There are 2 protein chains.
Amino acid sequence: MQTVLIVEDEQDLAELLAFHLEKEGYRTEVACDGIKGLEAARSILPDLILLDLMLPGLLGTEVCKLLKKSEATQRIPVIMLTAKGEEIDKVVGFEVGAEDYVVKPFSTRELLLRVKAVLRRSAGEPSEGPVITVGPLSIDTERHQVTINGVEIGFTTTEFKLLHTLVKRLGRVQSRDVLLRDVWGYNFVEDTRTVDTHVTRLRTKMGEAGELIKTVRGFGYKMETDQR
Amino acid sequence: MQTVLIVEDEQDLAELLAFHLEKEGYRTEVACDGIKGLEAARSILPDLILLDLMLPGLLGTEVCKLLKKSEATQRIPVIMLTAKGEEIDKVVGFEVGAEDYVVKPFSTRELLLRVKAVLRRSAGEPSEGPVITVGPLSIDTERHQVTINGVEIGFTTTEFKLLHTLVKRLGRVQSRDVLLRDVWGYNFVEDTRTVDTHVTRLRTKMGEAGELIKTVRGFGYKMETDQR
DNA sequence: CTGTTTTGTGAAGAAATCGTTACAGCGAGG
DNA sequence: CCTCGCTGTAACGATTTCTTCACAAAACAG
């Protein structure tokens, strides 16, 4: 059985989360501020942490950074809970190293899906460090720097986030919907070519490495694994 | 056929929703206030409830809480309809255990998509992992990849969905109607050879493994279990 | 064995998706 | 107030993919 640590100061919400997660068969622990969250994480070593961004005592982002610094807790995946308008950019840009994030108010369904997805994944793959490399492409999430064959390339914020999201989910197809939600923060959109346009821009800037981004017709895009 | 209960006091909206849902092939029931909604839910046990937040008589949140308390209705998913500005911030759906929520004014399309998503999930194909294997055939839904004896084969969107559906329901015959509904999203169709054509293409691309797809004359197609 | 129904299949027109370019709005920084 | 860079949208082909249709093949019933 897997354990989920919930770090959230609104008691109601924390309880609800715990309720739903337990209904799905997870064991849960709750901590109501940043410090306690950190302590709890270190002592019980949960399989996943749901971390509120706005916390009394110690901000969620700080907690997350600290977790990622320590050997013991480094590999525990973190899903950030953010209110709309809070500095999602930082979380997404991944100066913080969270696996995923969800914007409040969110639906039970969505959160549970993400929890499941993250847990399923973390079973196999090691969670990566601050620098991710795919073939000739290397992206440093802390510095917001991308190099291809050692040459640094300038990307805009949106481009970087898009690229990062694709790389982070290496090999897995991301639908336009998902990308719009995770990169752009749109909650619901019908039919836009925005993603396509940005992919084109990415590919152009990436030169040859642009071919790493593969179109999956009818579904979305994915970053090619370099193994071949 | 699945039933959706609509609990909404604005008659116009309720009718509009009912109309669209029926067009999509669902049966609908309408209740115009909280009390009646609760009664209806208990007597007809719908597969899904669309629940307005602001209801005369009994607030939507209360209705939802009560539903979740009772054994019989506990598992019925609820989608909350909330007006903008209503205390969504309190994560309306959450405190009360709703599966999802939609903010008014919403597009019909959006609502329908959510309804489908929720129902699909609760109708529960066994929540399979990302990779399914049958004999020499292996399909990875996350990567959108199919391999036969280790060799990757390219499938188009529809082909992939069709194959996935057949594999998901291993050994069970799927009628053309069902396939058209689940793969193509068509609701009412008469006599089309589209499915046949696609099955042919699947078989061709699959080579020897194509024999795994069996024709059940007069009924439809099924994916053979590999034991023999 | 024969007639009838159902399924397989190839080709061609119809439709959908995607890549790309151009452009206008917006905001930051001078 | 102006300029410049970033973004999202629209538009237009170019392809790819889907659907339909016609006919062949196979299964079935009597």
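Order of the sequence lines sets the chain letters (A, B, ...), proteins ahead of strands, with each chain counted from 1. Computed from a predicted structure; not experimentally measured. Hydrogens, waters and symmetry mates play no part in the numbers below; they use all other heavy atoms, side chains included.
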Using the test side-chain contact (heavy atoms from CB on, under 4.5 Å), find all partners of [X] that sit at least two apart in sequence or belong to another chain.
X: A:V178; value: A:R169, A:Q174, A:S175, A:R181, A:D182
X: B:F219; value: B:V173, B:V216
X: A:T73; value: A:R42, A:L45, A:L67, A:S70, A:I76
X: B:R109; value: A:E190, B:S107, B:L113

Quickly work out the [X] [atom1] to [N] [atom2] distance and round it to whole Å.
X: A:L163; N: D:dC6; atom1: CG; atom2: C1'; result: 17 Å
X: A:R176; N: D:dT9; atom1: CZ; atom2: P; result: 14 Å
X: A:K222; N: C:dC18; atom1: NZ; atom2: C1'; result: 17 Å
X: B:I213; N: C:dG8; atom1: CD1; atom2: P; result: 10 Å
X: B:H144; N: C:dT17; atom1: NE2; atom2: P; result: 13 Å
X: A:F160; N: D:dC6; atom1: CZ; atom2: P; result: 15 Å
X: A:D196; N: C:dA22; atom1: CG; atom2: C1'; result: 16 Å

Q. For B:T215, which contact category applies under a 4.0 Å heavy-atom criterion: base, sugar-phosphate, or nothing?
A.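 It contacts sugar-phosphate atoms only.
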Q.
Test of understanding: with salt bridge (Lys or Arg N to Asp or Glu O under 4.0 Å), list the residues that count as partners of B:E110, not counting sequence neighbours.
A.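 Salt bridge (Lys or Arg N to Asp or Glu O under 4.0 Å) check on B:E110 returns B:R114.
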(Q) Taking salt bridge (Lys or Arg N to Asp or Glu O under 4.0 Å) as the definition, give me every residue that meets it alongside B:K23, ordered by chain and number, with sequence neighbours left out. (A) none
Q: Would you mind reading off the bend of the helix from C:dC1-D:dG30 to C:dG30-D:dC1 from its two end axes, five pairs each, to 10 degrees?
A: 40°
Q) Residues two or more places apart in sequence or in another chain: which of them pass side chain to side chain donor-acceptor pair (under 3.5 Å) with B:T28? A)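 Testing B:T28 for side chain to side chain donor-acceptor pair (under 3.5 Å), a comparison that skips the adjacent residues, returns B:E22.
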Run the side-chain donor-acceptor check on residues 200-207 of chain B: report pairs under 3.5 Å with partners two or more places apart or on a different chain.
| unit_1 | atom_1 | unit_2 | atom_2 | d |
| --- | --- | --- | --- | --- |
| B:T200 | OG1 | B:D196 | O | 3.1 |
| B:R201 | NE | B:E159 | OE2 | 3.3 |
| B:R203 | NE | B:I213 | O | 3.4 |
| B:R203 | NH2 | B:I213 | O | 3.0 |
| B:R203 | NH2 | B:T215 | OG1 | 2.7 |
| B:T204 | OG1 | B:T200 | O | 2.8 |
| B:K205 | NZ | B:G154 | O | 3.2 |
| B:K205 | NZ | B:E159 | OE1 | 2.8 |

(Q) For a quick check, with a 4.0 angstrom heavy-atom cut-off, what is the B/S/- contact string for nucleotides 25-30 of chain C, read 5' to 3'? (A) ------
Q: Any chance you could list the contact pattern along nucleotides 14-29 of chain D? Use B for base contacts, S for sugar-phosphate-only contacts and - for none, protein heavy atoms under 4.0 Å, 5' to 3'.
A: -BBSSBB-B----BS-
In a table with atom names and distances, give each donor-acceptor pair under 3.5 Å that connects a side chain of residues 5-16 of chain B to protein atoms at least two apart or in another chain.
| unit_1 | atom_1 | unit_2 | atom_2 | d |
| --- | --- | --- | --- | --- |
| B:E8 | OE2 | B:E10 | N | 3.0 |
| B:Q11 | NE2 | B:E15 | OE2 | 3.2 |

Q) Quick one: CG on B:D47 to CE on B:M1, what's the gap to the nearest 0.5 Å? A)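 Those atoms lie 11.0 Å apart.
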Q) Where does the angle between the aromatic ring planes of A:W184 and A:H198 fall among parallel (under 30°), tilted (30 to 60°) and perpendicular (over 60°)? A) perpendicular
(Q) Does C:dT6 have OP1 or OP2 under 4.0 Å away from a side-chain N or O of B:Y221? (A)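 So the side-chain polar atoms of B:Y221 never come under 4.0 Å of the phosphate oxygens OP1 or OP2 of C:dT6.
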